[in-house]
Amino acid sequence: MVSIKRLGVFVTLFRFVKWIVVTDPRRALISIGLNMLQGVFPAIQIYMASRIFGQMMHVYDGTSGVRPLLEWIAAWASISLLSTLLRPVEALYTERIRQEMEDSLLRQLQNKAARLRLEAFERSDFQDLLTRARRIAGPGQFLNLLWEFYRMLTAVVRMVSIALLVGTWNVWLLLALVIVALPEPIAGFIQAKSAFFLKRKQTEPERVMSYLAGTLTSRAAAKEVRTFDASPWLLRRWETLYRGVADTLYRQERAQQYTRAGLSGVGMLGLAAGAGWTAWTVAEGSLSAAGFGAMLFALQSMQDGMQQIVGRLGFFRDRLLQIEDLFIYVDLQPEEPVGGEAADSSGLGDIRVEQLTYRYPQSDRDSLSGISFTLREGERIALVGSNGSGKTTLVKVLLGLYEPSGGSVCYGGRSLAQLDLKRLRDRSAAVFQDFTRYAFTLRDNVGLGRAERIGDERAIREASALGGADEVAGALSDGFETMLTRQFTGGTDLSGGQWQRVAISRAFMRDAPLVVLDEPTAALDPKAETDVFERFAAMAGSRTAVLVSHRLGMARLCDRVMVMQGGRLIELGTHDELLAAGGEYARLWSLQSQWYRESVIPARP
Ligand SMILES: Nc1ncnc2c1ncn2[C@@H]1O[C@H](COP(=O)(O)OP(=O)(O)OP(=O)(O)O)[C@@H](O)[C@H]1O
């Protein structure tokens, strides 16, 4: 089962820095070094300023010539120039690293999504996490994060180096300053944490809002929204949620601003006290007038630096916690196993299911329980039963998409847990009820059934002839090159039945020893339905085939029929055996055939 555990801000920071270094060690070290150097420059400049003031005093009272003064000014100017020249170098290194990290970030996100077990996608907390993790991959987000990290690093080095300088002049003053100045960043840090978690709690309402906004504007829902005049109600729901989220965030922000202003006042008092103390040390004679000027400047810089760190801290912590979401997502388990034993090279062997149980994540009841049967290699089986009886769930477990909660599924004697799922997938093809309508050309929609042969014109034509997509292509002006979406220029859309033919052709393209068709003909007209069944019979040939359908007529095409009810397998046998047994199948058969013999609903008078 997927478990989502927090890492904590320090572990995240460590992993983030490690990630920067691992991505491109040379550039990372150079850019980190350059940023730290930028942090040291202000302390050096303050020190030099104090020497310049000192030399000026000496020139003024005639105890020194002008040359040492000019030398210090030249040194000060060189440092300023160096700092300015290094900035673009650092920016270019940072940009390169950002590009590399963004690339690796996107790859990690995609790889993970492809490898995670399908169960993860059934959980709402996973959907929340995925939404947040994707945010960091949004345009500009990653640049901000890296930039924020480097600015923070520079600010911290700057504070520490100036503090050391102040410490060499007057260690007690430094201590007092630190004590007065610390509450503000600490409070900022704590506040940023609570603000983030508050915001995180809004992920689900935000997802609902985005769903509502999508429904209001989507092409797919437009016809229903208009027909039922649903938009005022949808809009009201959206507004209620929006108000709730906005008010909560506003209250949080107000509390933060008041606390920050109060603590900032304490910091200012500390600065004033520090200045007073410094003036006293001048009067006492332990600090020169030049030292006093530099010290004041240093104190002001420390105060500014502190403000900057506090100001960025919330933002930086926020970003860091976003990265934490990304790391949690990347660490998520369980993934589908790679490796494991290969299925037989020829076919998949018999499929033996024993005491199979399956429960969806976050569900309180089993959707499948105590199911046992053996599907012989090459056998055609029909899976029938009322809505919600577990047919789709069963085929998804058979295909290795869901991991059994109990019992076992074995292919040719090897359990699903030991099999290489990639190899199993390689040998199975499926058309699901909610098959995907890719916003690609008709050719690509069929070719994706075997992506490595997507350029194989003949294979695509053959699969299309078997699944019926060839007729769809014939009716389109651009044939197989037609873009099947209205989202992009020149595209068109298909009818439900035409889409179904495309999906079935995609399954034919796979040419696999195990075929699963989950209600493949629901949207087809009677002639097309007959065609598909005939093709199915021809295609099934030596393949193992599972056909889920509410149309019992097609069950006769199969070797045996399985009847599901309430997640259990209640009947298994040939069509004739089950009719003779007079059970649920016989009842359903009689109900359906009644429709054609005599109407079960009285005709209108
Ligand atoms: N993603 C899910 N999360 C939780 N429960 C689910 C999920 N999908 C299905 N179920 C539940 O599992 C049970 C079996 O559903 P399943 O989709 O397998 O039925 P079915 O026989 O294929 O139904 P239909 O004929 O309507 O397609 C139902 O009670 C359903 O509510």
Side-chain angles (χ1 to χ4, degrees), residues 1-4 113 116-131 204 207-208 211 332 334 336 351 353 355-373 375 381-407 409 416 428 430-436 496 499-500 503-504 507 515-524 529 532 545-555 558 560-572 578 583-585 587-589 591-592 595:
M1 204 49 44
V2 180
S3 83
I4 296 174
L116 266 181
R117 292 215 70 114
L118 200 63
E119 273 92 347
F121 293 84
E122 305 286 349
R123 291 178 51 146
S124 58
D125 51 354
F126 170 78
Q127 294 295 341
D128 286 346
L129 179 70
L130 185 58
T131 307
E204 175 120 7
R207 274 203 300 126
V208 178
Y211 166 74
L332 270 187
E336 292 198 332
I351 304 174
V353 176
Q355 289 303 317
L356 175 68
T357 308
Y358 183 76
R359 179 176 294 198
Y360 281 97
Q362 297 177 316
S363 175
D364 56 2
R365 59 187 185 80
D366 292 338
S367 288
L368 298 177
S369 49
I371 294 185
S372 301
F373 65 90
L375 186 53
I381 203 143
L383 199 49
V384 303
S386 51
N387 289 133
S389 55
K391 304 179 296 292
T392 299
T393 309
L394 178 58
V395 294
K396 285 186 179 162
V397 176
L398 287 183
L399 288 167
L401 292 169
Y402 293 150
E403 196 176 8
S405 315
V409 177
L416 256 185
S428 49
V431 180
F432 295 109
Q433 286 172 34
D434 53 350
F435 56 81
T436 305
W499 266 118
Q500 214 153 17
I504 295 169
V515 189
V516 173
L517 303 182
D518 189 353
E519 295 197 43
T521 60
L524 298 186
E529 186 182 10
V532 168
V546 180
L547 185 55
V548 180
S549 183
H550 290 289
R551 310 201 185 185
L552 302 190
M554 66 88 214
C558 298
R560 286 190 297 165
V561 181
M562 281 172 54
V563 186
M564 303 277 300
Q565 194 177 62
R568 294 184 173 276
L569 172 59
I570 54 165
E571 290 170 22
L572 174 59
L578 294 188
E584 177 67 7
Y585 181 76
R587 192 181 70 80
L588 292 172
W589 177 263
L591 258 179
Q592 277 197 5
W595 271 100

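Just so you know, ligand 1 is whichever comes first in the structure, and atom 1 is the first atom listed for that ligand.
Polar contact with ligand 1: present for R365 (N/O pair, distance under 3.5 Å). Residue G385 has no N or O atom closer than 3.5 Å to an N or O atom of ligand 1. For ligand 1, the polar-atom distance check finds no N/O of Y402 at less than 3.5 Å from any of the ligand's N/O atoms.
What sits closest to atom 23 (O) of ligand 1 on the protein, heavy atoms only, is G388 N, 2.9 Å. With respect to atom 17 (O) of ligand 1, the closest heavy atom belonging to the protein is T392 CB, 3.8 Å. The protein atom (non-hydrogen) at minimum distance from atom 1 (N) of ligand 1 is E122 OE1, 2.5 Å. Looking only at protein heavy atoms, the nearest one to atom 26 (O) of ligand 1 is N387 ND2, 2.9 Å. The protein heavy atom nearest to atom 18 (O) of ligand 1 is T393 OG1, 2.5 Å. Of the protein's non-hydrogen atoms, Y360 CE1, 3.3 Å is the one closest to atom 10 (N) of ligand 1.
In this structure, K396 and F432 have side chains that are in contact, with non-hydrogen atoms separated by less than 4.5 Å.
Between the side chain of E119 and the backbone N or O of P361 there is no donor-acceptor pair closer than 3.5 Å. Put simply, the side chain of E571 never gets that close to the backbone of L578: no donor and acceptor are under 3.5 Å apart. The backbone N or O of L399 lies less than 3.5 Å from no partner atom in the side chain of S428, so there is not a single donor-acceptor pair. No side-chain donor-acceptor contact under 3.5 Å links K391 to the backbone of M564. Side chain of E204 to main chain of S124: no donor-acceptor pair is present (N/O by atom type, distance under 3.5 Å, no hydrogens or angles). Of the possible polar contacts, one joining the S372 side chain to the Q355 backbone as a donor-acceptor pair under 3.5 Å is found.
Heavy atoms from other residues, nucleotides or ligands lying under 6.0 Å from CZ of R568 number 12 at most.
Distance CZ/R123 to CG/L130: 13.0 Å, rounded to 0.5 Å.
Of the protein's heavy atoms, at least one falls inside 4.0 Å of atom 14 (C) of ligand 1.
A heavy-atom separation below 4.0 Å is found between H550 and ligand 1. For the ligand labelled ligand 1, residue S389 lies inside the 4.0 Å heavy-atom shell. Close to ligand 1: Q433, with a non-hydrogen atom less than 4.0 angstrom away.
Each of the atoms 11 (C), 12 (O), 13 (C) of ligand 1 lies under 4.0 Å from some heavy atom of S367.
Using a 4.0 Å cut-off between heavy atoms, K391 contacts ligand 1 through both its backbone and its side chain.
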Run the side chain to side chain donor-acceptor pair (under 3.5 Å) check on T357 and D366 step by step: do they pass?
-> CA-CA 7 Å; T357 308; D366 292 338; 5.2 Å; no
